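Heads up, the thing below is written out as structure tokens.
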Amino acid sequence: MEGLIPVMEPDRQYYFMNKCKELILDIKSDDKPLTYSVVTFGCQMNAHDSDKLKGILETIGYEEVEGEDADFVIFNTCTVRENANKKLYGHLGHLKSLKKKRPNMLIALCGCMMQEPHVVETIKTKYRMVDIVFGTHNIYKLAELIYNRLFQGERIIEVLDKSYITVEKLPQKRKYSFKSGVNIMYGCNNFCSYCIVPYVRGREKSRPAEDILAEIKDIASKGVKEVMLLGQNVNSYGQIYDYQDGKIVRVPEEEKVTFPELLTMVCQIEGIERVRFMTSHPKDLSDELIAVMAREPKICNHIHLPVQSGSTDILSKMNRRYTKEQYLSLVERIRAALPDVSITTDIIVGFPGETEEDFLETMDVVRKVGYDQAYTFIYSKRTGTPAASMDNQIPEDVIKDRFNRLLREVNDISYKRVGRYEGVTKDVLVEEINHQDKDLVTGRTEENITVHFKGGEELIGEIVPVKLISCKGFYYLGEREN
Ligand code: 5AD
Ligand code: SF4
């Protein structure tokens, strides 16, 4: 029998999806389909990975349900800040009691947190009811892992230290039929000193442009209008395709495709009407990219540009490789070419050694740039990162005070910035019926501003002009224009 199992991917996984289809019949106690729930923590990259997990589970024959009371529950975890870890253990306590009622229930854990050996150790010893554990480098293997779990009757733990192969062309379930994330690269080589991502997601690797374009053409033909190109640092797209014996394999200069070139090609794809991307590292954002954004109407009028801190000294300790002045001059160049662009950011408060003066530099950048939105984070010590062993960790009360001051400032500024569109008509991609008021639909402008307005189901997936009537902080009430 062994000889019949395909060696090549993704054929091997399709083989195991079929096998699982047969095996899960044994778990069923009635005629109803088995149910699954994928609980996602963290960033867009994880959300996109979850769509792939859902695609595999639906191919096997599971049906999605809300909540955690399902036949198969999988947690796609995040470890970028410590509170994400704590949340997972809370959920697992709850699942322990659910599994007592449902002995055939399967519980799987995957994602960034599983790449940390001490987490896997805790799961092994304290959470014995977990059936499958895997990491960020083998999510494509879900069907094979389920098969092994069911066939062998033992729990399966498979966490790899790096991506040995990249497997594409697996099923994917999209929450919305008209918009989708697309990975353009995996991993990160920047090693910002506070960040655990390079350790849990591995080294930076770009997907070949032809594969990305083929995927986007395919989803566009199925009705996708908006794509979000995903990578930890999209501006360094196309530099590294692979590693051999630990050494970087760079493509020959003449075959290189840069990020601005990739964007231009994506914009040419028929059916694609909006193109977004994230995340941009300020150190790699080129003038060429700014020029492409100004030239291509399909590229959304929005850029997420994490500053992290406004103090040059802290930025250096963070290993960000730009100064306060370089960041501000980059913003100036962006605004000169795209006067009305929406700029959003990430900021960390309380990095080791941050003084009041350093913090005031951050406040200064916040005021000078005028962010449309800023995601603010309290510094979280991640074991294994250089910052975790730095002297001068900041006391909690000092951090809280700075955090609150920063939050007030960013909220005030963002309220004013978002409010500038009052009375303006904007194209809105309608996403869904409003959860609170069924007579309204909810969608987003290219600046990523949420708009609610009167309309019905037939508008879902359409891009329609809407007059933004009243600003309610981070969202608008609007009226459809004809
Ligand atoms: N502590 C706090 N925030 C962090 N981020 C990444 N690592 C940490 C950490 N250790 C934030 C950064 C990043 C965002 C995704 O999460 O601001 O841009
Ligand atoms: Fe983390 Fe920095 Fe890489 Fe972003 S660029 S994932 S903050 S190391």
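Values reported hereafter were calculated over all heavy atoms of this structure, with side chains retained and with hydrogens, waters and symmetry mates removed. These numbers come from a predicted model, not from an experiment.
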Original post:
Given the rule in the side chain to side chain contact (heavy atoms under 4.5 Å, CB included) test, do Asn183 and His48 qualify, once you have shown the distances and angles that lead to the verdict?
Top reply: CA-CA 8 Å; Asn183 290 117; His48 187 53; 3.0 Å; yes
**OP:** Find out whether Val464 and Asp427 are in side-chain contact, i.e. whether some heavy atom of one side chain is under 4.5 Å from a heavy atom of the other.
**Re:** no
**OP:** Could you tell me how the ring of Tyr36 sits relative to the ring of Tyr62: parallel (under 30°), tilted (30 to 60°) or perpendicular (over 60°)?
**Re:** perpendicular
**OP:** Ignoring hydrogens and angles, state whether a donor on the side chain of Thr35 or Asp71 is under 3.5 Å from an acceptor on the partner side chain.
**Re:** yes
Subject >> Lys87 atom NZ, neighbour heavy-atom count above 12 within 6.0 Å >> reply: no
Original post:
Charged N to carboxylate O below 4.0 Å: is that the case for Glu273 and Lys298?
Top reply: no
Original post:
Which heavy atom in Glu204 sits nearest to a heavy atom in Ile240, and how many Å separate them?
Top reply: O-CG2, 3.7 Å
**OP:** Inspect the contact between Arg207 and Glu215 and indicate whether a charged nitrogen and a carboxylate oxygen are less than 4.0 angstrom apart.
**Re:** yes
Subject >> Least distance between heavy atoms, Asn301 atom then Val341 atom >> reply: OD1-CA, 3.2 Å
Original post:
What do you reckon, are the aromatic ring centroids of Phe259 and Phe277 less than 6.0 Å apart?
Top reply: yes
**OP:** Of all the heavy-atom pairs spanning Arg274 and Glu446, show the shortest one and how long it is.
**Re:** NH2-N, 3.4 Å
Subject >> Cation-pi, Phe377 ring and Arg81 (6.0 angstrom, 45 degrees) >> reply: yes
Original post:
Does Arg295 reach the main-chain N or O of Thr264 with its side chain, forming a donor-acceptor pair under 3.5 Å?
Top reply: no
Original post:
Does Lys173 come within less than 4.0 Å of Asp51, counting only side-chain N to carboxylate O?
Top reply: no
Original post:
Take atom NZ in Lys283; do more than 12 heavy atoms of anything else shown fall under 6.0 Å from it?
Top reply: yes
Original post:
Side chains of Thr445 and Asn448: closer than 4.5 Å at any heavy-atom pair?
Top reply: no
Original post:
Got more than 12 heavy atoms from elsewhere within 6.0 Å of CD, Glu458?
Top reply: yes
Subject >> Short side-chain donor-acceptor distance under 3.5 Å, Tyr194 and Gln308 >> reply: yes
**OP:** State whether a side-chain donor-acceptor pair under 3.5 Å links Thr344 with His304.
**Re:** yes
Original post:
Does NZ belonging to Lys438 count more than 12 external heavy atoms closer than 6.0 Å?
Top reply: yes
Subject >> Lys/Arg-Asp/Glu bridge criterion (N-O < 4.0 Å) met for Asp218, Lys169 >> reply: no
Original post:
Less than 4.0 Å between a side-chain N and a carboxylate O, is that true for Arg444 and Glu226?
Top reply: no
Original post:
Are Val365 and Tyr327 close enough, and set up right, to give a side chain to side chain contact (heavy atoms under 4.5 Å, CB included), and what steps lead you there?
Top reply: CA-CA 9 Å; Val365 168; Tyr327 183 91; 4.3 Å; yes
Original post:
What class does the angle between the rings of Phe41 and His91 fall in, given that below 30° is parallel, 30 to 60° is tilted and above 60° is perpendicular?
Top reply: perpendicular
**OP:** Could you pull out the closest heavy-atom pair between His281 and Cys192, with the gap in Å?
**Re:** NE2-SG, 4.4 Å
**OP:** Give the minimum heavy-atom separation between Cys112 and Val200, together with the two atoms involved.
**Re:** O-CG1, 3.4 Å
**OP:** Report the C-alpha distance between Glu288 and Thr258 in whole Å, list the side-chain angles of each, state the deciding distance to 0.1 Å, and finish with yes or no for side chain to side chain contact (heavy atoms under 4.5 Å, CB included).
**Re:** CA-CA 10 Å; Glu288 201 189 337; Thr258 64; 3.8 Å; yes
**OP:** Measure from the ring center of Phe191 to the ring center of Tyr199 and say whether it is less than 6.0 Å.
**Re:** yes
Original post:
Would you say the side-chain atoms of Thr77 pair up with the backbone N or O of Cys110, donor to acceptor, closer than 3.5 Å?
Top reply: yes
Subject >> Glu82 with Lys381: basic N within carboxylate O range, under 4.0 Å >> reply: no
Original post:
Are a donor atom and an acceptor atom from the side chains of Thr40 and Asn46 found within less than 3.5 Å of each other?
Top reply: no
**OP:** For the residue pair Asn235 and Ser280, confirm or rule out a side-chain donor-acceptor distance under 3.5 Å.
**Re:** yes
**OP:** Kindly say whether Thr166 contributes a backbone atom to a donor-acceptor pair with the side chain of Ser163 at under 3.5 angstrom?
**Re:** no
Subject >> Ring center gap for His137 and Tyr164 short of 6.0 angstrom >> reply: no
Original post:
What are the two closest non-hydrogen atoms of Arg203 and Cys188, and how far apart are they?
Top reply: NH2-O, 3.4 Å
Original post:
For Tyr89, does the OH atom have more than 12 heavy-atom neighbours from other residues, nucleotides or ligands under 6.0 Å away?
Top reply: yes
Subject >> Step-by-step side chain to side chain contact (heavy atoms under 4.5 Å, CB included) determination, Ile56 to Met17 >> reply: CA-CA 7 Å; Ile56 294 172; Met17 283 179 238; 4.1 Å; yes
**OP:** For the pair Phe151 and Tyr147, name the ring-plane relationship: parallel under 30°, tilted 30 to 60°, perpendicular over 60°.
**Re:** parallel
